[in-house]
There are 2 protein chains.
Amino acid sequence: MSAQQLIERLKQWQGQAVPAGACPVRDVMDHLGDKWSTLLITVLADGPQRFNAIKRAVPDISQRMLTQTLRDLQRDGLITRQVFPTLPPSVEYRLSGMGESLLEPLAALIGWAEAHHPAIREARAAYDGPVVA
Amino acid sequence: MSAQQLIERLKQWQGQAVPAGACPVRDVMDHLGDKWSTLLITVLADGPQRFNAIKRAVPDISQRMLTQTLRDLQRDGLITRQVFPTLPPSVEYRLSGMGESLLEPLAALIGWAEAHHPAIREARAAYDGPVVA
DNA sequence: CGGAATCCAGCCCGATACTG
DNA sequence: CAGTATCGGGCTGGATTCCG
């Protein structure tokens, strides 16, 4: 299976084979692992959005984290930022080509999460203890 | 594209449509986002491993985090734990069926990370500033 | 061997207030 | 509108020590 092939290639990155944080998997995954990155990517998936539009789409994000996460994504080249010199100024964020290319594998993972969420919740409930012996 | 379809279905989970942390995507992603989960899953991908074998495969994980991450994965039903009453005792961890089903989407994401890592590093370098004006 | 328990530093992130 | 600055709490995760 294709998973196995990738696993094989993964081995060269595991352990101390790699100097420090040079492992590409960890380097990228650590970013996607933060609280908001993937969520913002999915928000931008259906078209460019302005700052406050994103904020409205994700009500429980703070301004601070929105700004910061957007900047990190921009820094990684996943999204682009375009400022329109209107008054008041408006700033539009959109996925870059690379950002869009991330959508497919991300969607696969999200699909998995959706599909298995019930089973996971069950497993958790079972593990956490049949309190009622 | 299939990504778009998933994005559509995602919308119902974004924002306040969902009570609290009931969003399956976040619920699962937050776990995969932690520092070690995905790494341990890939380690277990090529067969069951004992505690110290995993530890050796991932030298820079602390005992504490190894134990804790394994427990969390077990709690979510992604791995199973089997104790052999030998002397000294040995404990074997292996991916469950659900855990194995995660390998495919995970491999896709890892593949993407590997493929785009150079571009990301470039983007970061460019963003962080041509210090040499 | 496979943990559990404790202590503690760092950072993640939210809340709030201010700016151009 | 689109940020920035500052403060502070809570959780993550590393180091160390002890147990069956």
Side-chain angles (χ1 to χ4, degrees), chain A residues 15-16 20-21 23 26-27 29-41 43-44 48-76 79-94 127-129, chain B residues 15-16 20-21 23 26-41 43-44 48-76 79-94 127 129:
Chain A
Q16 67 256 46
C23 168
R26 287 204 216 176
D27 197 17
M29 294 292 279
D30 284 357
H31 269 264
L32 272 56
D34 71 23
K35 199 172 180 181
W36 303 108
S37 290
T38 61
L39 191 56
L40 292 190
I41 289 173
V43 169
L44 289 177
Q49 305 274 339
R50 290 179 44 191
F51 187 86
N52 276 329
I54 303 175
K55 191 166 162 49
R56 277 189 299 273
V58 188
D60 54 346
I61 193 174
S62 65
Q63 255 174 356
R64 177 189 153 89
M65 289 319 295
L66 180 53
T67 303
Q68 182 175 311
T69 307
L70 285 172
R71 224 185 312 130
D72 288 348
L73 291 173
Q74 184 193 357
R75 187 173 105 98
D76 281 8
I79 68 178
T80 61
R81 189 182 110 117
Q82 187 174 9
V83 181
F84 296 95
T86 55
L87 199 73
S90 72
V91 180
E92 191 180 81
Y93 294 89
R94 79 174 64 210
Y127 182 94
D128 284 345
Chain B
Q16 69 257 47
C23 168
R26 288 203 215 176
D27 196 16
V28 176
M29 294 293 278
D30 284 357
H31 269 267
L32 272 56
D34 71 25
K35 199 173 181 182
W36 303 108
S37 290
T38 61
L39 191 55
L40 292 191
I41 289 173
V43 169
L44 289 177
Q49 305 275 338
R50 291 178 46 190
F51 188 87
N52 276 329
I54 303 175
K55 190 166 163 50
R56 276 189 299 273
V58 188
D60 54 347
I61 194 174
S62 64
Q63 258 173 356
R64 176 186 152 84
M65 289 318 296
L66 179 53
T67 303
Q68 182 176 311
T69 307
L70 285 172
R71 235 205 331 249
D72 289 348
L73 290 173
Q74 184 194 358
R75 187 173 104 99
D76 281 7
I79 67 177
T80 62
R81 189 182 111 116
Q82 188 173 7
V83 182
F84 296 95
T86 55
L87 198 73
S90 73
V91 181
E92 190 180 82
Y93 294 89
R94 78 173 65 208
Y127 182 95

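Order of the sequence lines sets the chain letters (A, B, ...), proteins ahead of strands, with each chain counted from 1.
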Checklist entry - In terms of the nearest nucleotide of DNA chain C, which residue is placed more toward the 5' end: Met65(A) or Glu92(B)? => result Glu92(B)
Could you tell me the separation between the [atom1] atom of [X] and the [atom2] atom of [N], rounded to a whole number of Å?
X: Leu66(B); N: dG13(D); atom1: CG; atom2: P; result: 13 Å
X: Ile61(B); N: dG2(C); atom1: CD1; atom2: P; result: 14 Å
X: Lys35(A); N: dG10(D); atom1: NZ; atom2: C1'; result: 11 Å
X: His31(A); N: dC12(C); atom1: NE2; atom2: C1'; result: 14 Å
X: Gln49(A); N: dC1(D); atom1: CD; atom2: P; result: 14 Å
X: Trp36(A); N: dC13(C); atom1: CH2; atom2: C1'; result: 9 Å
X: Phe51(B); N: dG2(C); atom1: CZ; atom2: P; result: 7 Å
X: Asp34(A); N: dT12(D); atom1: CG; atom2: P; result: 15 Å

Of the options [options], whose atoms approach the side-chain atoms of [X] most closely?
X: Gln63(B); options: dG13(D), dT17(D), dG3(D); value: dT17(D)
X: Arg81(A); options: dG13(D), dG2(C), dG3(D); value: dG3(D)
X: Asn52(A); options: dA2(D), dC1(C), dG13(D); value: dA2(D)
X: Pro88(A); options: dC1(D), dG13(D), dG3(C); value: dC1(D)
X: Ser62(A); options: dG14(C), dA2(D), dG14(D); value: dG14(C)

Heavy-atom check, side chain of [X] versus side chain of [Y], under 4.5 Å:
X: Ile79(B); Y: Leu70(B); value: yes
X: Asp76(A); Y: Tyr127(B); value: no
X: Trp36(A); Y: Gln68(A); value: no

Checklist entry - Which part of the nucleic acid does Phe84(B) contact within heavy-atom distance under 4.0 Å: base, sugar-phosphate only, or nothing? => result nothing
Next on the checklist: Counting the atoms with a prime plus P, OP1 and OP2 as sugar-phosphate, which does Thr67(A) contact under 4.0 Å by heavy atoms, base, sugar-phosphate, or nothing?
Outcome noted: base
Next on the checklist: Measuring from atom CG of Leu39(B) to atom CG of Leu32(B), what distance do you get when rounded to the nearest 0.5 angstrom?
Outcome noted: 12.0 Å
Next on the checklist: Let me confirm one number: the CG-CE distance from Asp60(A) to Met65(A), rounded to the nearest 0.5 Å.
Outcome noted: 12.0 Å
Item to check | 5' precedence on DNA chain D between Arg64(A) and Tyr93(A) (nearest-nucleotide basis) | outcome: Tyr93(A)
Checklist entry - Distance check: side-chain N/O of Lys55(A) vs OP1/OP2 of dC1(D), anything under 4.0 Å? => result no
